[in-house]
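Labels below follow one simple rule: chain letters A, B, ... track the order of the sequence lines, proteins then strands, and each chain is numbered from 1.
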Amino acid sequence: MDSILKILILEDLPEDAGLIDRVLDKAKIPFESMRVDTRDEFIDAIKTFIPDVILSDHSLPQFNSIEALKICRSHQLNVPFILVTGTVSEEFAVNSLKEGADDYILKGNLTRLPSAILNTLKQKLEEVNRKKAEDSLKEQNIELIKINQELDRFVYSASHDLKAPLKSVLGLLKLAEGDLQNESYHSMSTYHRMIEGSVAKLDATIKEIENYSRNIRTNIIYEKIDLRIMTEEILQSLQYTEGAEALKTYLNFENGSLLVSDPSRIRIILSNIISNAIKYRDKEKKESFLSISTEISNTVVCIRIEDNGIGIEADYIEKIYNMFYRATEKSEGSGLGLYIVKETIDRLKGSIIVESVIKEKTLFTIRIPNNINEK
Amino acid sequence: MKEQPGKIIMLIDDNEIDNYINKKFIEDKNITKNILVKTTIAEAINYFDPEMEDGTMPDLILLDINLPALNGYDFLKRFYDLNLSRKKKSCIIILSSSDSDDDILAMKTHPLVRDYFIKPLSPEALGIIENILK
């Protein structure tokens, strides 16, 4: 014990308390003590004096040690509680220990007090450490169970998304085989086109799974990013996606385009949201648009991405970031895209808010830290 | 040729390619020409109404499990709750790309489900369908 021990003495006789002080002085234990002998004083001392150790006589004029123990417990005070009494029957001593007293010392044998205090303190410390270890073990267990469940779900859904296009291809090949046997060739180009579509879907799913695991496993790398250039690159890479040509884009980087963050993660976030805007454009509208604007300060980057697509139904909006959740029946995706967006933004310690009006618009507002000090 | 144009098969699957494939398999086998395609559970459930005539009730429903929004399990729940005055039972068969033991067990033991086929439809599966509709 290097710090000063605060000892609360519950004792009606000042001389006896003085005796205790002297024994502790002699044992060279650094301490300060406080003597109380009523219930109210005791409760007050627990709250204000905050003792490290409590030494209690058994019977006091209007109070006793068993009651004092109960008060300690009800105040969640878990410090050594040692009975220091005149005479005591063995039965009483056992009872007190059962009630939670840590030790008992006879006033006639006070020389044992210093070592009793140090021992019980050591025990309490071990108890606290053990409890801490148990708690963290429990927490880890819960976390592991969660990760395992997520993994199970991931394997189920990922294997479905990988298998479904393969089974389509198998079916198409069987149809083609039958047609060939009947020397009927008119459907061949349809089969061909459908096989191509299924393979492209498979490829997209594998890319999403790669993105997902990359976000989880790789460390964050901070670099200077020019959002204008990155956005233009993403739009260019998506230009052959079906419907890309129908989407008008409005880019507004007047309030900032430069930031410091993890470029590969920012790219994943932006390309997922932009490709969603292409996929879920409202084909019934005359003009489909996508507008991106920014506001960048030295600490925060805010990116707003708005489209006038099909929108997200209010009932589903809370679930859109769930793994493999597909909110729209028009969905052709795996349901991983926005989950990856959310996880990636979480890794960057940012936030994402979505507002949507069905058949009108969807607006994503992304806030991430601008880590200019990291570069 | 054992053509039976009267029999109705309903395909419930969000994957348009698979619907094309399954429709063609069934047609090529001359099982029926009467095939309804529903790409969402909501659309499929809407087809049924208490007033509907016996002749419009599907004889067989081929149901996929993994659809967006509502899935195959939701369909079974809603179908069970439907208050159909004509009690003609439609036979329901699962046609899914899932070969997960959990799905197979859950579906095979489901009181409404007659069988479980894994995509694509095999000649054996088509034979079973043919027999059911006889």
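Side-chain N or O atoms of Lys285(A) include one that pairs as donor or acceptor with a backbone N or O of Lys359(A) at under 3.5 Å. Remark: the backbone N or O of Gly309(A) is paired with a side-chain donor or acceptor of Asp307(A) at under 3.5 angstrom.
Looking only at side-chain heavy atoms (C-beta outward), Thr32(B) and Leu60(B) stay at 4.5 Å or farther from each other. Contact of the Ser187(A) side chain with the Leu175(A) side chain is not registered, since no non-hydrogen atoms from C-beta on lie closer than 4.5 Å. Considering only heavy atoms from C-beta on, Ile310(A) stays 4.5 Å or farther from Glu284(A) through its side chain.
With a 4.5 angstrom heavy-atom cutoff, Asn15(B) touches chain A only via side-chain atoms. For a residue to count as touching a neighbouring chain, one of its non-hydrogen atoms must lie under 4.5 Å from one of that chain's; by this rule Thr190(A) touches chain B with the side chain only. For Asp179(A), the part lying under 4.5 angstrom from a heavy atom of chain B is the side chain only.
In terms of non-hydrogen atom pairs under 4.5 Å with chain A, the most contact-rich of Asn66(B), Ile118(B), Asp18(B) is Asn66(B).
The residue from Ile12(B), Leu11(B), Asp14(B) that alone fulfils the side-chain contact (heavy atoms from CB on, under 4.5 Å) condition with Asp64(B) is Asp14(B).
Residues of residues 94-105 of chain B lying under 4.5 angstrom from chain A, judged on non-hydrogen atoms, are Ser97(B), Ser98(B), Asp99(B), Ser100(B), Asp103(B) by number.
Ring orientation note: the planes of Phe48(B) and Phe75(B) are tilted relative to one another, at an angle of 30° to 60°.
For Gln236(A), the CD atom counts as loosely surrounded, since its 6.0 Å shell holds 12 or fewer non-hydrogen atoms of other residues, nucleotides or ligands.
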